[in-house]
2 protein chains.
Amino acid sequence: MVKSNNTTRNKLIETTGKLLQLHGYSGTGLNEIIKQSGAPKGSLYYHFPEGKEQLAYEAIERTKENVTNFIKDSLARYDDPIEAIQNFIYDSAKRFEADSYFNGVPIANIVLEISKTNDRLRELCRKVFESWHEAFADKLKSGGYSDEESWDLAMTINAMIQGAFVICLTRQDSKPLLVMAEQIPVMLIKGK
Amino acid sequence: MVKSNNTTRNKLIETTGKLLQLHGYSGTGLNEIIKQSGAPKGSLYYHFPEGKEQLAYEAIERTKENVTNFIKDSLARYDDPIEAIQNFIYDSAKRFEADSYFNGVPIANIVLEISKTNDRLRELCRKVFESWHEAFADKLKSGGYSDEESWDLAMTINAMIQGAFVICLTRQDSKPLLVMAEQIPVMLIKGK
DNA sequence: GTCTATATACGGATAGAC
DNA sequence: GTCTATCCGTATATAGAC
């Protein structure tokens with residue numbers, strides 16, 4: 001790991017992540033990234049010689065780490081998968097209401113836009129979803145669900161939550177996430 | 001309804017809908033719309049004096065009608081809500097595999113990008129989701145579910161399907177939709 | 001590592017002829 | 001209803017000084 005702890009480089013990645021989440025790939029301009037990050041104007045192409053795509057790539061990788069950790073940490077707070085996942089969704093709803101910068105749907109907003117035009121970024125987004133999926137699946141397995149059941153249920157949960165986020169954003173309230181949370185026990189109580 | 005059946009106007013709306021679905025709002029340029037629609041180059045601002053936003057607005061309205069009808073028609077083929085919804089998802093998966101132009105997620109791709117910057121379009125997208133939600137809820141009510149149950153379950157189904165589409169697009173296969181379809185009976189068989 | 005200046009393309013939009 | 005020409009802003013990216 002030769003990468004330095006450069007603050008400028010770091011701020012550029014963080015800011016890009018936020019802006020991508022809010023305005024998508026085409027909607028995010030390099031000028032705005034520079035302005036909002038407070039990074040030195042001349043440094044962008046020094047740190048990211050391949051330009052916007054490289055910046056997006058690294059921002060997506062960063063988001064992958066952050067969100068995966070958020071999921072894992074949240075799920076670790078309860079042993080029972082049902083409780084754990086339900087509380088994860090409540091946590092998400094709280095974060096959504098709190099606004100901060102969590103308003104926007106991280107990866108979906110990018111991948112929907114570039115899936116047909118940028119295979120490199122699409123492939124990276126695929127890995128992000130896989131990583132979230134794996135976190136849910138592991139939790140289910142540890143709760144006694146079979147491998148196949150865990151895979152299918154985790155896929156469903158992942159899809160539900162993302163769809164709920166889309167609708168939350170559209171309605172500007174967190175109700176859809178709360179509804180999803182209530183459905184979790186219905187889906188998970190059975191062939192365990 | 002003074003609106004004429006103008007073919008040019010119509011083609012512009014259709015093409016805009018497809019392009020928005022594929023490349024999002026910022027990613028869709030007026031030049032490309034004109035090129036792909038084959039519409040006369042000078043006619044865009046004649047038919048849509050308010051420019052890109054008006055074009056998008058009408059394209060979203062069109063998508064609302066088309067998709068809502070697709071959902072209703074598909075659901076009407078089976079009396080039992082479980083069968084009906086499950087088969088609707090299989091239909092969707094088939095359409096996804098068939099590619100045609102159904103590759104891209106219609107409204108989500110727009111609303112994720114503009115939810116914070118364009119209230120008029122966001123509000124319209126909210127109505128689109130509401131319309132789809134209503135179609136599912138009506139089917140559930142007709143199958144004997146209570147009003148509240150129908151509302152919650154329809155919300156969940158709507159979210160699941162949209163989340164599944166996002167993941168389908170990312171993975172470039174329809175597996176996630178098939179997984180969702182299998183979960184439908186689990187969710188719906190109970191307090192009916 | 002960071003700066004300014006600039007190349008070049010494309011975005012949305014308007015004017016005025018036909 | 002449609003055409004061409006054009007304005008103007010902004011986009012990504014590069015060159016070369018500091």
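Just so you know, these numbers use all the heavy atoms, side chains as well, and skip hydrogens, waters and symmetry mates.
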What is the distance, to the nearest angstrom, from the [atom1] atom on [X] to the [atom2] atom on [N]?
| X | N | atom1 | atom2 | result |
| --- | --- | --- | --- | --- |
| A:I34 | C:dG1 | CD1 | P | 17 Å |
| A:L55 | D:dA13 | CG | P | 10 Å |
| B:L12 | D:dT2 | CG | C1' | 12 Å |
| A:Y46 | D:dT14 | OH | P | 17 Å |
| A:F48 | C:dT2 | CZ | P | 11 Å |
| B:K11 | D:dG1 | NZ | C1' | 16 Å |

**Q.** Nucleic acid footprint by protein, nucleotides 11-18 of chain C - heavy-atom cut-off 4.0 Å, B for base, S for sugar-phosphate alone
**A.** SSBB----

Q) If you round to the nearest 0.5 Å, how far is CE of A:M187 from OG1 of B:T156? A) 9.5 Å

Q. Are A:F136 and A:F88 near enough that their ring centres are under 6.0 Å apart?
A. yes

Q.
It should be established whether B:S43 places a side-chain nitrogen or oxygen under 4.0 Å from OP1 or OP2 of nucleotide D:dC3.
A. no

Q: Could you list by number each residue of residues 115-124 of chain A showing a heavy-atom separation from DNA chain C of less than 4.0 Å, or answer none if no residue does?
A: none

Q) Looking only at side chains, do A:S43 and A:T8 share a donor and an acceptor under 3.5 Å apart? A) no

Q: Tell me, with the steps shown, if A:K18 and A:Q36 meet side-chain contact (heavy atoms from CB on, under 4.5 Å).
A: CA-CA 10 Å; A:K18 292 183 194 177; A:Q36 290 210 23; over 6 Å; no

Is the terminal nitrogen or CZ of [X] (NZ for Lys, CZ for Arg) located under 6.0 angstrom from the six-membered ring centre of [Y] and within 45° of that ring's axis?
| X | Y | answer |
| --- | --- | --- |
| A:R95 | A:F70 | yes |
| A:K175 | B:W151 | yes |
| B:K64 | B:F129 | no |

Q: Verify the neighbour count for atom NZ of B:K116: are there more than 12 heavy atoms of other residues, nucleotides or ligands below 6.0 Å?
A: yes

Q: Measure from the side-chain heavy atoms of B:K41 and tell me the nearest of C:dC3, D:dT4, D:dT2.
A: D:dT4

(Q) Pair A:K11, A:E14 - check salt bridge (charged side-chain N to carboxylate O under 4.0 Å, His left out), show working. (A) CA-CA 5 Å; A:K11 278 198 165 184; A:E14 268 180 25; over 6 Å; no

